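Notes follow the structure.
So that the names make sense, note that chain A is the first sequence line, chain B the second, and so on, each numbered from 1. None of these values were measured; they are calculated from a predicted model.
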Amino acid sequence: MATEASRQPVSWFRGFYAAGVVPWVGRGLVVLLFIWLGVNLSKTPGDFGILLVEGVTLGLVYGLVALGYSLVYGILELINFAHGDVFMLGSWMSLYIGVQKLGLDASSSGFKVVWGLALTLVCAMAFCGLLNASIERVAYRPLRNAPRLAPLITAIGMSFILQDVGLKQLGSAPVSLPNILPTGTVFTIGGNKYGWDHLIVGLSALPVLALLVWLVQRTRQGRGMRATAQDQEAAAMMGINVNGTIWFTFMIAGALAGVAGLLYALYSTNIAYDQGFTLGLIAFTSAVLGGIGNLPGAVLGAILIGLIQQFNEGLSWHAPGSDWTQSIVFAILILILVFRPEGLLGERTPEGG
Amino acid sequence: MPETGKIVDEVRDPWYRRWAGLPGEWKRRYRGLDDRQRFQVGVVIRALVVIGLIFIGWPLALLVAVLFAVPYALAYVPKPWNRFNKFVIPTIVLVIAVTYPFVYSGAGVRLEGRTLNLLGAYPTLGTMVIMGVYAMMAVGLNIVVGYAGLLDLGYVAFYAMGSYTAAWFASIQFAHRNIHFGAVGVGPNTPGIHISIWILLLLAGIFTAIIGVLIGLPTLRLRGDYLAIVTLGFGEILPQVARNGDNLGGFNLTNGPNGITPIDPPGFGNLNFLTGSGTFWTTERLYFWGVLVLVIITVFCSLRLRDSRLGRAWIAIREDETAAAAMGIPLMRTKTWAYATGAFFGGVAGAYFASFKQATFPGDFSFNISAFILSMVILGGMGNVWGVVLGASFLAFLNQQGLADIGHSFNNTFGTSLDVPKYQFGIYGIIIVATMLLRPEGLIPSARRKAEFHEGVADTPLYDVQA
Amino acid sequence: MSRRFWLGTLVGVTAALALLAAGCGGGRGKSSKGVTALPSSSCSDIYYQGGGNADYLIASDLPLQGSGRTQTVQMTEAIKFVLKQHNFKAGKYKVGYQSCDDATAQAGKWASEKCSANANAYAQNKSVVGVIGTFNSGCAEIVIPVLNRAPGGPVGMVSPANTYVGLTHGGPGTAAGEPDKYYPTGKRNYIRIVAADDFQGAADALNAQQLGLKKVYILNDKEAYGQGVATDFKNSLTQLGITVAGFAAWNGKASTYTGLATKIKATGADSVFLGGLICENGGKVVKDLRSVLGKSVTLLAPDGFTPISAVVSGAGASAEGMYVSVAGQPNENLPANGKTFVKDFGATQKGGSVDPYSSYAAQATEVLLTAIANSDGTRTGITDQLLKTKVTNGILGNFTINANGDTSANPVTMYLIKGGKQTTYKTITPPQSLVGKA
C-alpha cells in the first residue's frame, strides 16, 4: 500500500486497519465457523462424515483446475480467464474420444476402461496443452509489455471465444456421460455410501500434484520457471529462454486442465459448456485462498472450498442451503482478500499479496 | 548446390512474405512523407471510402462524407470561434439522432425507399432506446476503467441495483404501503409505492452510488487483478440476492425469480410515456427522446468530470499510484469517488431500462452483461467518451438486432443456414481480442492512451535470447 | 507477419463481405403486399400459401433455442399444418403466419429483452391480430401487458403451454396484484388451453397420495415456473395431510448434488419432487439423488421435465421409475379428431412421433382461427371472441374458456419412465375443492 503524505489526516478507514481490529474480526469469524461445524457434527455425525469425504473429493477436482491458475499467475501475474474454458474443452475432448469414439460406457470391461481412459487422457492433455500454449503465443505474448489491463481483457475475450466453441460442440444444455468408472461402494459412513468412482478420482489428483511439485522444484525447467516468475529480466540475463519457459508453463497448465477435464467428466458424468466459467471462478478463489503462486496452497484452498460447498448444502442446522452457495464462495473470496490477501500459505509482501 | 545449366535466382523472399510485407512497405513510405503529402493521402483514402459506401446506400455515404468533410471545413474557422470546433461533429450526430424517428418507419428509412442491405435494417426505435441505455452504462464504466484504471468486472451489480430501486419505488411490490408522488399512469388507489420516475432516476443513482462505495471499500488496497475478481464476485452476489430475495427472513424484498412487474412508466402530468399522445408523441419516440436526454446529460457530466481536478486525480492514479500518492492525492477517497460516480450512472441507466421494459427479473443480470459493457468500453477506446458511446451503440445494436439481421442477409446471399446469434459471444470475444491485439486504444482513442499502449508493445524486448 | 498486415487483412475481408452482401440482395424476408412483416431479427418469413395477399398475420412466440428446441419447432410445424388445412382462411379473412423466437442461444431459454422486443413488435404491427404463445410463464408476464395496451385494441393471445397460476387468476402462491397487473386496461386478452399449475400441483399431490407416499421433500430450480409449481404442490400436499419433509432449491450451475441429497436423506423422506426445468441440470440432480437415496425413493416431476427423452438421456438409468406429470391428455387418449390430427401430422414428421405439445399448439391455432372467423376483424373483436371460446369435437375434445381465460378441461396425465421409455401411467383430473384451496 502506498504511503500518504504525512500531513494527510488519518481517515477512519486507515484507523480501523491500524488499530489491529481487522485481524481480530477475522479470527472471530473463523471461531464462529468452527462452532457451527461442531454443532452440526454433534447432531448428525454420519452426515458430517460423508460430507467431509465428499467435500475433499470435490475439492481435489477443483484443485486440479486451481493448479493451472496458480502456475500461470505465478509466472506472468496474469489471471488466465480462458483457463476454465480450456478445462471445459478438456472435458469435451474426453467425451469425444472416450465416449463417442472409443465407446466407453458402464458395461465396458476393466481392461478396455483402463486402456481407453489412458488414451483419452493422453489426447486430452495434448489437446489442451497445445491449445493453451497457442493461446499464449497468439494472444498474450504480443501484450507482454503492455499495461497490466491489456492481457487480462484479452483473456476475457479468449474465454468468450472458447465458450462459444463449447456451445457449438455441446449445445446449451448439460450433456450426460455414462458411468465409466465402477460405482460400487468402498465404505459407508453412518448409512451413507462412498463410491469407487469418487475414490479413484480423488486419488488420481494426488500423483498429479506430486508430479507437478517435483517438476517445479527439482527439474531444470522448473528452476527456469521459478526464476522467470521471480524476475523475468534477470532470468533472461542468466541465459534462460524466457519465451520458451513461458510457453512451456502454459503447456503444462493446459495439460493439467486436460487432466482435470477428464477427471471432472468421470466424477460428475455431466458436462456443460459454461462449466468453465463457474469452475474457473471457484478455482481462482481456491488459488487465492491458499496463496496465489503456491501450488500446495492452491490444492488446500480448493479442498476447503469443496468442504464449504458440501457442508453448506448438506448440513441441517442453520445451513444457508444451496441457494446461497455461490454467494458464500464469493463472500469468502472477498473476506480473504480483505483479511489475509496473501492467502493461507502465502507470504506477506508489501503490496498485500 | 546449384544444378548445372540453371541460372541461380537472386535470393528472394517467398511470395507470401513479399505480399505480407506490402503494408509494412506502405507504412514505411507513409512515414517518409511530409505533412502536405500525408494530407493528400488522407483525402484520397476518405474519398475512396465514401465512393465505396455509395454501393451500400446513399444516405450512409452522404452521412459519412459529411462527417469526413467537417474537419476539413473547420480548419478554416477563425481564431475566436475555434473553441467550438470540437462540438461540431457531436452536434451533427445529435441532430441526426433527434430527427431519426421522423425518417424511420417500421420498414426502414423512408428517405430512400429501399432498406439498407448491409445490416438488413436500420435499428428500430426500441433498439435505439436499448442502445442509449447501454451507452449510459458504458460511459459509467468508462469512468471507473477508463479514467481511474480500476478494472471493474461487476458492473452488472450497479445495473441491477438501479433496476430494483426503480422497481421498489414504482410498482406494487410493497403493497402494504400506499405512497404516491408524481407518478403517472397509476390510479390513486393502486397499492404500493409510486414515485415519479424522474425523481427515481436520481434516487436510483444515489442508492447505487452508495452500493458502489460499499463495493469499492474492500478493494481499495488491492492490485488490479484482485480488484477485478472482487468486483466480479460482487457482480455475482447481488443477482443471487435478488433471486433469493423473496424470503429474506420472511420479508419479500425482490419477489424472487418472478421479478417485479409492472413498473410504472415515466411521464409528465397527463403525458404517459406508455400510451403516448396522438401520432407525434408516440410511446417509442418518447422513450427514445428521453434516453437521448439522459445520454447527453451523462456525456456532459463525464466530460466535465474528466477535466476537473477529480478527473485529473483519476488519471494520475491510473498512470502511477505511488507517484500520485506522493503528489498528495488521497488514494482511497479518489478511488471511492470513481466507484461512486461510475455506479451512479449505472444506476440511472438501470432504472430507466427497468421502466422501459416495465419489468425486472433476476435472470436479466449475469456476468455476461458486465463483460459486454466492458467490451463496449474497450472497443470504443478506454477513456474517450465519444468512442465509448460509439462502441456501446454499435455493440448494443449488434446484440439486439444487428447480428440476427446480418445472419439473415448472409444466409440469403450465400445460401447457408448459419445461426449467427448463436455465435454472439464468440464474436464479442473476437472483437475484444482483435481490438486488444491490433488497436488497443480503441476506435476513437485519446492521444494519451494511444501513446501509452504503443509504448511497450512494439518494442522488441532486450532479452529475446534463443537458448 | 506484422500487426499492420493483419489489421489490413481484417479490414479488407470485412469490406469485401459487406460489399458482397450489399450487392447481392438480402434484407428482410419476402412479404406479400397487404401485411407488414415482423422483424426478421426475431421472426421467420411469412408463411402464406393462399390466394392473393394475406389480410392479417398471426404470430407464434416460442423459445426456439436450447434443449426444448425439438418440442417448440414441432409446435410451429403443427401450427403451419393446421393453417394449411384451413387453406389460410379464417372465415372471410386470409391469414398468414410468422414464427418468432423469444430465446437466445446463450441462455438456451427465453430472455426478457427478447420477449419485450417481440411484444412491442406485435403490438405496433397493425397486421398482427393474434399471438400463439408463450411457452414459458415468465415470458408471458412481459408479453401480456404489452399486448393488452396495444394501439387499436388489446391483441389476443392463446397459450398452449403457460401454467403459472397468477396469469389468469389469483390464489395462494401468486403475488399481490395478480392477475390484474397483467391487464392494465382492465380487459382480458389472454386465454390458455392447458390446466394451470394449481391443477398440476393438485394432481401430483393426489398421485402421491395414491402411491402411498408419506413424506415428500420438495425441490425447485429457483425459476418462476419451478418455484410456482413447487409451491402449488406443497399447498396441495398440506391439504391432503401428507408431510412435507422440506422445501429447498437446487443450483443449476453446481457440479454435484450429493450434499443436497445427503440432507434429504437425513430427513427420512420417501420421495422427492423436482419442481423445475430439465435444462437446469435436472439430469444430474436425478442421478445424484438416485445414487445417494437409492432405488426405494420415488421421484416425481412436473412437466418441466419434458421431453421425457431428454430426462432419459440426461439421467440414464437413474430416471427409471420416475413419474412425470404433464397437463393435458396423452396422444393415445385424445378424442377422435385428436387422433386423426396425430396420425395425419405424424405422417409429415420424421420418425412419425408427435409431441403432446404439438397437439396443444394445433388446438390453439384452431381456437384462434375460429375467433378471427367469428369476429369483425378488429383486434378488440377477435380478443372478445377468444374469451367466448367454446370448442366441441376439437383436437382436445370439448371445453370452454371461462371469463378468466382458463379452460374447463383440466386433466393431468402421469407418465412413468419404464425401461428407458415413456409410458402412460394414469390421468387425474383433480377436484375443484382441492384446487380452489391450493
At a heavy-atom separation under 4.5 Å, does [X] approach chain B through its side chain, its backbone, both, or neither?
X      : result
A:L152 : side chain
A:L281 : side chain
A:V165 : neither
A:I156 : side chain

Show the numbers, then the answer: is there a side-chain contact (heavy atoms from CB on, under 4.5 Å) between B:I427 and A:F160? CA-CA 8 Å; B:I427 294 175; A:F160 281 168; over 6 Å; no

ring-ring contact (aromatic ring centres under 6.0 Å, His included) against B:W314, all qualifying residues, sequence neighbours excluded: none

Value for CD1 (A:I153) from CG (B:L151), rounded to nearest 0.5 Å, stands at 5.5 Å

Output the distance between atom CZ (A:F330) and atom CG (B:L238), rounded to the nearest 0.5 Å. 12.5 Å

Is the count of non-hydrogen atoms from other residues, nucleotides or ligands lying under 6.0 Å from B:W337 atom CH2 greater than 12? no

Looking at A:R226, I want to see if its CZ is surrounded by more than 12 non-hydrogen atoms of other residues, nucleotides or ligands under 6.0 Å. yes

Checking [X] against chain A: side chain, backbone, both or neither under 4.5 Å from a heavy atom?
X      : answer
B:A324 : neither
B:L374 : side chain
B:I432 : side chain

Heavy-atom pairs under 4.5 Å with chain A - which of B:I378, B:V230, B:I229, B:I430 has more of them than the others? B:I229

Below 30° counts as parallel, above 60° as perpendicular, anything between as tilted: where do the rings of A:F284 and B:Y226 land? tilted

Give every residue pair that meets the side-chain hydrogen bond (donor to acceptor under 3.5 Å, both in side chains) criterion with at least one member in residues 142-152 of chain B, sequence neighbours excluded. B:Y147-B:S302

I'd like to know if the side chain of A:D323 and the backbone of B:N244 have a donor-acceptor N/O pair within less than 3.5 Å. no

If I compare all heavy atoms of B:M436 with all of A:L143, which pair ends up nearest, and what's the gap? O-CD2, 3.6 Å

Selection from A:L335, A:V138, A:V288, A:L337 maximising heavy-atom pairs under 4.5 Å formed with chain B: A:L337

